[in-house]
Amino acid sequence: MSFRPTFRLTSLAAGLLLAVTATAQPVFDQPASATFKGQVVSRGENVVPGSTADVTGRGFVPGQQVSLLRGDTVLNSQPVVVDADGNFKTQLAIPGDAVPGTHPVVVRASQPAAATVLKLRVSPQLPLSGQAKFATQSNKLVPGLYQSAYSAASNAVFVTSAVGRPPVTQSQLLKLDPKSLKVTKAITPAQVPGSTNGAVFAVYGVGVDDANGNVWVSNTRQDTVAVYRQADLSLVHQFPVGTVPHARDVVVDSTHGKVFASATGEDHLSVFDAKTLKALEPITLASGVDDEKFVPMSLVLDEPSGKLFTVSIGTPEAAVIDVASGKVDKVIDLGNSISASGVAFDAQRNRLYVASQGTDNLLIVDVASGKVVHDVPVGAGALNVAFDAKSGLAYVTNRGAGTVTAVDRDGKVVGNLDGGTFPNHVRADGKGNVFAVNKSRGAEDPKGDRITRISLRQP
């Protein structure tokens, strides 16, 4: 009996095994050093199913090869090579059947090995609908529109605008006729004392004080607020720089003679006497989330009940404040909310409406129980919300989607309207109208820098 064929096959197998062993890379190959700080973000105004997302990375090791994975699926056909500065860029195609939400995308790098996770948000895509149900009128104003507020005493709409990043040299406070939407008065804020770059006290948030005939504005870039006369927009008082850190919203309680301003980035509301303009004791907002900070954004006041409401962009929370005592009644856990920014109130049902940029949704919350009763997808970048008691509708400005979504008390979308370029803010007048303002892509943008009055058509 001969053993030669078996010996030859065994020798061949052993040789192949030795060859593979000699060339295979170890599973635990060279990792990146402890100083690796790779970060990845996705960009896109309206990343929806069937669209694309721009992905950028920085802090990687030059020459690294990067693959992106969702589950077991590699999303980029070829690895992206990190450039000499440690950066990379690529574009991902979002499948048409992608479920809206925040998706964990594993960013896997090799040579040397490292990994991180990209939180890729896919927004819901709502088609335009219900246009015939609404009456709208629009007018182009000035660049950089930010907020608006209606004064019943003056029968006027006050609008703020500020253009660009610091130093902001272009800003206006406008007074409009609410019917024609034409500007009846406009002023440019004063230059910041000691400024060598032309910076002015640019205006952002706005609230009206009909009891004293004033209009309050926030000067976000100078961390302060100012007061103007409603009649002629003359300056009543400019508070010093640093009075309200990153001041955002301003609301006035005429019943108690108080003014509240949200100090975004901090954990409190600044409070002023509406008549004397003196600063009062601030209201501290304690978060119910361990080691986190309640960072207030929008404010809404229900004057008859004496309750003030705000939401936190840093935690999924809303706060209910008693304006008479200046104490926080309760902090509500919102659950499915990331970067909450807009808030409105329905006094009839005692419900809050919360718009969240990071989850593209409108939450309807029962204040008494603290429970979320409806979670409504509305579109990319749900930024602000206003409630119109006359129609029973909440209007949400979706900055990324470019829409204004009308939602009824039961969480049903009754209209999804074209909001122009980057809808930024919406405010109700208490008469059945809301005023929405939007930004632009430039001076020649026909859909930009507009104010639009919206109302539900009567049957």
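Count residues from 1 along the sequence.
Aromatic ring orientation, Y146 versus Y204: perpendicular (interplanar angle above 60°, classes split at 30° and 60°).
Under 4.0 Å is where a charged nitrogen must lie from a carboxylate oxygen, and between K185 and D232 no such pair does. Of the charged side-chain nitrogens involved, at least one lies within less than 4.0 Å of a carboxylate oxygen, so that K307 and D322 count as a salt-bridged pair.
A side-chain donor-acceptor contact under 3.5 Å links N219 to the backbone of F201. Judged by distance alone, with hydrogens and angles left aside, the side-chain atoms of S195 form a donor-acceptor pair with the main-chain N or O of A199 at under 3.5 Å. The main-chain N or O of N336 is found under 3.5 Å from a side-chain atom of N361 such that the two form a donor-acceptor pair. Counting only distance, with no hydrogens or angles, the side chain of D223 and the backbone of H246 share a donor-acceptor pair below 3.5 Å. In terms of modelled atom types and a separation under 3.5 Å, the side chain of N438 and the main chain of N424 share no donor-acceptor contact. Between the side chain of T243 and the backbone N or O of P240, at least one donor-acceptor pair lies under 3.5 Å. Between the side chain of N212 and the backbone N or O of N214 there is no donor-acceptor pair closer than 3.5 Å. Side chain of T224 to main chain of F239: a donor-acceptor pair is present (N/O by atom type, distance under 3.5 Å, no hydrogens or angles). With hydrogens and angles ignored, the 3.5 Å screen pairs no side-chain donor or acceptor of S161 with any backbone N or O of L145. A donor-acceptor contact shorter than 3.5 Å is absent between the side chain of S440 and the backbone of D445.
Two residues are said to be in side-chain contact when any heavy atoms from C-beta on lie closer than 4.5 Å; R248 and M297 meet this criterion. Looking only at side-chain heavy atoms (C-beta outward), L141 and L176 come within less than 4.5 Å of each other. Contact of the F422 side chain with the D449 side chain is not registered, since no non-hydrogen atoms from C-beta on lie closer than 4.5 Å. The shortest side-chain heavy-atom distance between T52 and I94 does not fall under the 4.5 Å cut-off.
Residues forming a ring-ring contact (aromatic ring centres under 6.0 Å, His included) with Y353 (at least two apart in sequence, or on another chain): F387. Residues passing the side chain to side chain contact (heavy atoms under 4.5 Å, CB included) test with E303, sequence neighbours excluded: D253, S254, T255, L301.
Here the OG atom belonging to S305 is positioned 7.5 Å from the CG atom belonging to N350, to the nearest 0.5 angstrom. The CZ atom of F60 lies 9.0 Å from the CD atom of Q39; values are rounded to the nearest 0.5 Å.
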Show me, pair by pair, the donor-acceptor contacts under 3.5 angstrom made by side chains of residues 309-321, not counting sequence neighbours?
unit_1 : atom_1 : unit_2 : atom_2 : d
T310   : OG1    : S298   : O      : 2.8
S312   : OG     : V295   : N      : 3.0
S312   : OG     : G314   : N      : 3.2
S312   : OG     : T315   : N      : 3.0
S312   : OG     : T315   : OG1    : 2.9
T315   : OG1    : E317   : OE1    : 2.5
E317   : OE1    : S287   : OG     : 2.8
E317   : OE2    : S287   : OG     : 3.4
E317   : OE2    : G288   : N      : 2.7

Show every donor-acceptor pair shorter than 3.5 Å between a side-chain atom in residues 129-136 and any protein atom, with sequence neighbours excluded, or say none if there are none.
unit_1 : atom_1 : unit_2 : atom_2 : d
S129   : OG     : N416   : N      : 3.4
K133   : NZ     : V414   : O      : 3.3

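A salt bridge (charged side-chain N to carboxylate O under 4.0 Å, His left out) check over residues 264-283, counting only residues at least two apart or in different chains, returns nothing. Within the structure, every pair that satisfies the salt bridge (charged side-chain N to carboxylate O under 4.0 Å, His left out) test and touches residues 417-430, not counting sequence neighbours, is listed here: D418-K447.
Of the residues F158, Y228, F272, the one that meets the ring pair (Phe, Tyr, Trp, His ring centres under 6.0 Å) test with W216 is F272.
N384 and Y395 share no side-chain donor-acceptor pair at under 3.5 Å.
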